[in-house]
Amino acid sequence: MLKELQEKGIIKCEQYNEMPIRVEYSLTKEGRSLLPVMDAMSDWVAKHSPKDLYTGRYFDKVHADDFK
C-alpha cells in the first residue's frame, strides 16, 4: 500500500543510509490536499459509531453531550 501511495504521488519516502536504516514517510503537497477529505470521513465515522467503539481524536467533540 505504501508503494502505491508513493507511485500516486500521495506520500514520499526518504531513506537514510545509517545503521539501523531509518525510513521516513511524509505527505506530498497532493497528499496534504486530501486532509480535508480525511477529516470529513473521520467526522462521519465519529458521528455514526457507538461511543464505546470510537476513541478517535474527535471523541470528546462528538460525544460531549453524552457526558453532561
Side-chain angles (χ1 to χ4, degrees):
M1 181 63 125
L2 287 174
K3 190 166 205 74
E4 292 171 352
L5 292 171
Q6 279 181 267
E7 290 170 358
K8 299 292 185 188
I10 305 298
I11 63 170
K12 67 178 182 175
C13 173
E14 192 164 346
Q15 182 172 331
Y16 299 90
N17 293 321
E18 47 189 53
M19 292 308 272
I21 294 175
R22 178 171 55 113
V23 179
E24 291 182 0
Y25 292 92
S26 59
L27 291 171
T28 63
K29 182 178 179 180
E30 187 170 352
R32 287 189 303 275
S33 74
L34 291 169
L35 290 175
V37 175
M38 300 302 286
D39 283 340
M41 290 173 61
S42 181
D43 285 343
W44 186 91
V45 169
K47 290 174 186 169
H48 294 89
S49 296
K51 65 181 177 185
D52 59 331
L53 291 179
Y54 184 78
T55 58
R57 73 179 197 195
Y58 296 118
F59 180 84
D60 292 336
K61 178 176 109 177
V62 172
H63 298 292
D65 292 339
D66 297 334
F67 298 101
K68 288 183 179 178

* Asked: Between Ile21 and Tyr16, what is the shortest heavy-atom contact and its length?
  -> CG2-O, 3.8 Å
* hydrophobic_cluster_shared for Leu35 and Leu2, side chain cutoff 4.5 Å -> yes
* Charged N to carboxylate O under 4.0 angstrom, Lys12 versus Glu14? -> no
* Structure fact -> OG1 of Thr28 to CD1 of Ile10, rounded to nearest 0.5 Å, is 5.5 Å
* To do: Taking all non-hydrogen atoms of both residues into account, name the closest pair between Gly9 and Glu30 and its distance.
  => O-CB, 3.8 Å
* **Inter-residue atom distance Arg32.CZ - Lys29.NZ, 0.5 Å rounding** => 8.0 Å
* To do: Look up atom NZ in Lys3 and atom CD1 in Ile11, then write down how far apart they are to the nearest 0.5 Å.
  => 10.5 Å
